[in-house]
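Chain letters run A, B, ... following the sequence lines, proteins first and then strands; every chain starts at 1. Predicted model, so just to flag it, every value in this text is computed and none were measured.
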2 protein chains.
Amino acid sequence: MLINPSENERLDPRVRRTRSLILTAFEALLAEKGFESISVQDVTERAQINRATFYAHFPDKYALLDYFISQAFMREMEKRTLNACHYSPENLRNLILAVCDFLARLHSDCAQPHQQFESLAEGTIKNILFELLSHWLKQSGTKISTEIPATVAAWAIYGLASYYSHSKKRPALEKFVDDALPLVAVNLGQFA
Amino acid sequence: MLINPSENERLDPRVRRTRSLILTAFEALLAEKGFESISVQDVTERAQINRATFYAHFPDKYALLDYFISQAFMREMEKRTLNACHYSPENLRNLILAVCDFLARLHSDCAQPHQQFESLAEGTIKNILFELLSHWLKQSGTKISTEIPATVAAWAIYGLASYYSHSKKRPALEKFVDDALPLVAVNLGQFA
DNA sequence: TAAATTAAGCAACATCTGTTGTTTAGAATA
DNA sequence: TATTCTAAACAACAGATGTTGCTTAATTTA
């Protein structure tokens, strides 16, 4: 389902248009009310498309959320060129920063990010993080299995970012990452 | 909403009965089909209660899932007396073991544990884990803030357990925990 | 350009949701 | 025990869901 820019271009323009209408409408609605109270109806009315058309693109609103988050998060990774690189403390630092930033923005952009919304978004983002970290660690050419360290790192990073983005009075991001980085890096030294 | 055993007893027996009927029905349905395709109707028919009665107990099926998981997980923690103790590598080991075990069982008990189900269960369990770990770390009487280490530990533990419970050919649990423990313990030494 | 392909619009469906008002029956209390 | 309280059953509601078959219009392709 997830589409990269190049194959996006040779997609039927009607499809591109509809998808973009859906995503824009969804984003606007998220700014107004919580995910749980957004219906497929709401989305299609706002997007000015037929409701049946929605179902030709997504099985349900949960799939839409997944696509929406994936797409936004991957774009963020690409923008920061974190997708194509290797493990180093500096890159890890930037990754943590990026995730904190992304979540903080997500929270400020969404009217009422409730439990359900957050849990689903978390699953989506963590999957991407795990893939990305696995890729990083394998660059080191090590024979050690990367799965366990990548798992711990992906979950820990998300946990930290989630904690940061929920803090009442958010500490300065840079300072927070200074504190957080070593707790993640400590297990990755062997891949540097 | 979550009820401990003592106050459960002095609850109106009709309420106790209904709740137990709902939970039993829900558990049975989870063994048959995925959470996404279980409707409130399904639950109330199986439980042989009126549908409107369901809504007197839970706002929707997501709240039911949350309650179901919380309740089962907390009971597991109590059984292993992990709820009332402090941080030590040995206790941490038991905790990781317990979470792995719980998730593995959850997966074998549920017909089709899909993304949505897992994400929601994860949120519920991790909240409990975070509270429990915060409690542990505070026992040490340290002045250091426990929030960041507790966050990293809760997320990392869940990540590991999730990884374990998804492994195709599950390694021996004891062995897995031997490998996993140090990655979590490394950040908690100061609270021993 | 003409023909073939396929996305989007439209309408109608059975089903499920969450809510409300009323009645009935079981539990707590005086 | 008699009375009061309140949970559960029941019925009916407007609204949303996910699906289908059909028509229309845009696009790709030959």
Side-chain angles (χ1 to χ4, degrees), chain A residues 1-3 6-26 28-30 32-68 112 114-117 120, chain B residues 1-3 6-26 28-30 32-68 112 114-117 120:
Chain A
M1 178 68 200
L2 210 49
I3 293 305
S6 62
E7 61 186 309
N8 186 34
E9 283 170 17
R10 67 179 115 88
L11 213 58
D12 189 321
R14 289 171 294 180
V15 172
R16 276 219 305 275
R17 179 186 135 87
T18 303
R19 251 180 225 165
S20 132
L21 285 171
I22 292 176
L23 289 177
T24 304
F26 185 54
L29 284 165
L30 277 176
E32 291 170 18
K33 53 180 174 177
F35 173 70
E36 11 275 291
S37 56
I38 296 176
S39 65
V40 172
Q41 288 245 17
D42 290 336
V43 175
T44 56
E45 272 170 25
R46 177 72 61 105
Q48 304 199 76
I49 61 162
N50 191 277
R51 195 166 59 83
T53 303
F54 176 91
Y55 291 105
H57 290 262
F58 302 98
D60 53 35
K61 72 172 183 165
Y62 300 99
L64 170 58
L65 176 61
D66 184 75
Y67 182 78
F68 176 77
Q112 315 162 23
H114 267 319
Q115 169 85 16
Q116 192 174 341
F117 174 81
L120 297 172
Chain B
M1 179 67 201
L2 211 49
I3 293 303
S6 62
E7 61 186 309
N8 186 34
E9 284 169 18
R10 69 179 115 87
L11 213 59
D12 189 322
R14 289 172 294 182
V15 173
R16 276 219 306 277
R17 180 185 133 85
T18 303
R19 251 180 226 167
S20 132
L21 285 172
I22 292 175
L23 289 177
T24 304
F26 185 54
L29 284 165
L30 277 176
E32 291 171 19
K33 52 180 174 177
F35 173 70
E36 11 275 289
S37 57
I38 296 176
S39 66
V40 172
Q41 287 243 16
D42 289 336
V43 175
T44 57
E45 272 170 26
R46 177 72 61 106
Q48 304 199 75
I49 61 162
N50 192 277
R51 196 166 59 85
T53 304
F54 175 92
Y55 291 104
H57 290 263
F58 302 98
D60 53 36
K61 71 172 184 166
Y62 301 98
L64 170 59
L65 176 62
D66 184 75
Y67 181 79
F68 176 77
Q112 314 163 22
H114 267 321
Q115 169 85 15
Q116 192 175 343
F117 174 80
L120 298 172

Nearest-Å distance, [atom1] ([X]) to [atom2] ([N])?
| X | N | atom1 | atom2 | value |
| --- | --- | --- | --- | --- |
| A:Q48 | C:dC10 | CD | C1' | 16 Å |
| A:K61 | D:dG18 | NZ | P | 9 Å |
| B:I38 | D:dT17 | CD1 | P | 20 Å |
| B:E36 | D:dG18 | CD | P | 12 Å |
| B:F54 | C:dT20 | CZ | C1' | 18 Å |
| B:N50 | C:dG21 | CG | P | 17 Å |
| A:I49 | D:dA26 | CD1 | P | 17 Å |
| A:L11 | D:dT28 | CG | C1' | 13 Å |

Between B:H57 and D:dA7, is there a contact of a side-chain N or O with OP1 or OP2 at under 4.0 Å?
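Checking D:dA7 against B:H57, no side-chain N or O comes under 4.0 Å of OP1 or OP2.
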Would one find a side-chain N or O of B:Y55 under 4.0 angstrom from OP1 or OP2 of C:dT19?
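False: B:Y55 side-chain N/O out of range (4.0 Å or more) of C:dT19 OP1/OP2.
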Is the ring pair B:Y62/B:F35 parallel, tilted or perpendicular, if the boundaries are 30 and 60 degrees?
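If you compare the ring of B:Y62 with that of B:F35, the planes turn out perpendicular.
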Quick one: label B:A56 by what it contacts on the DNA or RNA (base, sugar-phosphate, nothing), any heavy atom closer than 4.0 Å.
nothing
Decide if atom CZ of A:R16 counts as having more than 12 heavy atoms of other residues, nucleotides or ligands within a radius under 6.0 Å.
yes
Is there a donor N/O on one and an acceptor N/O on the other, under 3.5 Å, for the side chain of A:R14 and the base of D:dA26?
yes
Nearest of [options] to any side-chain atom of [X]?
| X | options | value |
| --- | --- | --- |
| B:Q41 | C:dT17, D:dA8, C:dG9 | C:dT17 |
| A:R51 | C:dA28, D:dA9, C:dA12 | C:dA12 |
| A:P13 | C:dG18, D:dT27, D:dA8 | D:dT27 |
| A:S39 | D:dT17, C:dG9, D:dA8 | D:dT17 |
| A:D12 | C:dA7, D:dA8, D:dC10 | C:dA7 |

Do NZ/NE/NH1/NH2 and the carboxylate oxygens of B:R46 and B:E32 come within less than 4.0 Å?
yes
Are B:D12 and B:R17 ion-paired here, with the side-chain N under 4.0 Å from a carboxylate O?
no
Nearest-nucleotide comparison on DNA chain D, the residue closer to the 5′ end among A:A52 and A:D42:
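Going by which nucleotide is closer to the 5' end, it is A:D42.
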Is any side-chain heavy atom of A:F54 closer than 4.5 Å to one of A:T18?
no
